[in-house]
Amino acid sequence: MLRRDFTRAALLIAAERYARAAKGLAPLKIAEVRVIPTSAGHHYQWVFVKILTSEPGLYGIGSASNVHNAAAVVTAIRENYAKFWTGKDPDRIEDLWQSTNVRTYWRNSAIQNNALSALDMALWDIKAKRAGMPLYDLLGGKVRDAVAIYAHADGRDRDEVVDNVRKYMEEGYRHVRAQMGGYGGGGMIAPGKGSRPRDGFQGPAFDEDVYLNEIPKLFDYLRAKLGAEVKLLHDVHEHLTPTAAVEFAKRMEPYRMFFVEDILPPEQIDWFRRIKQVSTTPMAMGEIFTSPREYAPLISERVIDFVRCRVSQVGGVTAARKIAALCEDFGVRTAWQEGGDNDPVNQLAAYHVDLTIPAFGIQEENHFPASVHELMPGTCELRGGYLYGNGQPGLGVDIDEKAALKLPLEPMPPGDNWTTVRGMDGAIVNP
Ligand code: MG
């Protein structure tokens, strides 16, 4: 052997030894990407991604759930993303996130972000399992002891809303969202009532003047019956036109809201500047956002108080941590969105982020039937207005894959769903 070759071989051995000593872990590869779509036996449209590594028994789980487009997400991951990820190094989370994001050229779509989020959560799960730590420890450790959540109270009339808020207060909840009559409730004209177009729309119709009169009265009543201590929230579901939104924010001031959510549709978010100039009612927005171009200006201009993106719609733990860091600099807080369609993996990803960020505000409540806790061991527990994980390495959740595959996705029913609200003339009211 030539002296030069010998030196090179010796250097390579030394480099390998150093890598092993510094890291203590063998190199890892993504061996397989499995997509697990499931209804969980409860009409959910859940899509999970299980990333298996070259180390036997080491895998991670991520959420790609998209209630409105589950089949498209399944196909996109199976046919496109999975092939790109297989063989890659799962340790390089940021690099895989970035390279996946630019690979499709067009980005910031809901489906693209579902795939990115599932990848990201699963890779953090793997890394934290490898480190033998719950994810929150790997992310810098807890800055709070538990994650506060807000409950959803509704009712057909004011007294029923009062009773339902009170039930949650008795359970220990400090924060309760109060609605009256479901989606768009408080602003609906009953089917067939009022002046309708001839042979036209006769269903329940949203009218923003009705809403602007009814909802402040509801909160006046809630404060009178429940006192000042409970922190009250309300979701407008984006149904107001801009000037009505400004007026609504002003009318809600006397009730000292924790926040008013989604006062404007995403197309009109520039109007938040106007709201901030004239009202101190705290504003929360973001559950429909998928792009930094939507949330970043609202945060950096300090015109919202809470950002409410869904972690699995913005790019997972990595994206949520970046949003939280931006919030911290500008005095905005987080309130990650849940919603009844959401799944235990996304909830846990949000939970691990929440425990580690100074900019945490609150997380939306979501609870699951007992059979989901069986199907997905490690699903969060809810107790007295707080969310609890289990402290196991990684995200701390698993999935009974065989059982899940026996509970496949159900086809989406044709026709309108809850997002479709119409006005008196039959035109769509934007959510
Ligand atoms: Mg909302």
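Order of appearance sets the numbers: ligands from 1, and atoms from 1 within every ligand.
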Can you confirm whether [X] is buried at [atom1], in the sense that more than 12 heavy atoms of other residues, nucleotides or ligands lie under 6.0 Å from that atom?
| X | atom1 | result |
| --- | --- | --- |
| Arg422 | CZ | yes |
| Glu267 | CD | yes |
| Arg156 | CZ | no |

Among the N/O/S atoms of Asp262, select the one at the shortest distance from the Mg ion (ligand 1) and name it.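 That would be atom OD2.
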In Glu287, the N, O or S atom nearest to the Mg ion (ligand 1) is which?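 Answer by atom name: OE1.
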Any ion pair linking Asp91 and Arg130 (charged N to carboxylate O, less than 4.0 Å)?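 So Arg130 pairs with Asp91 through a salt bridge.
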How wide is the angle at the Mg ion (ligand 1) between OD2 in Asp235 and OE2 in Glu261, to the nearest 10°?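 Result: 80°, to 10°.
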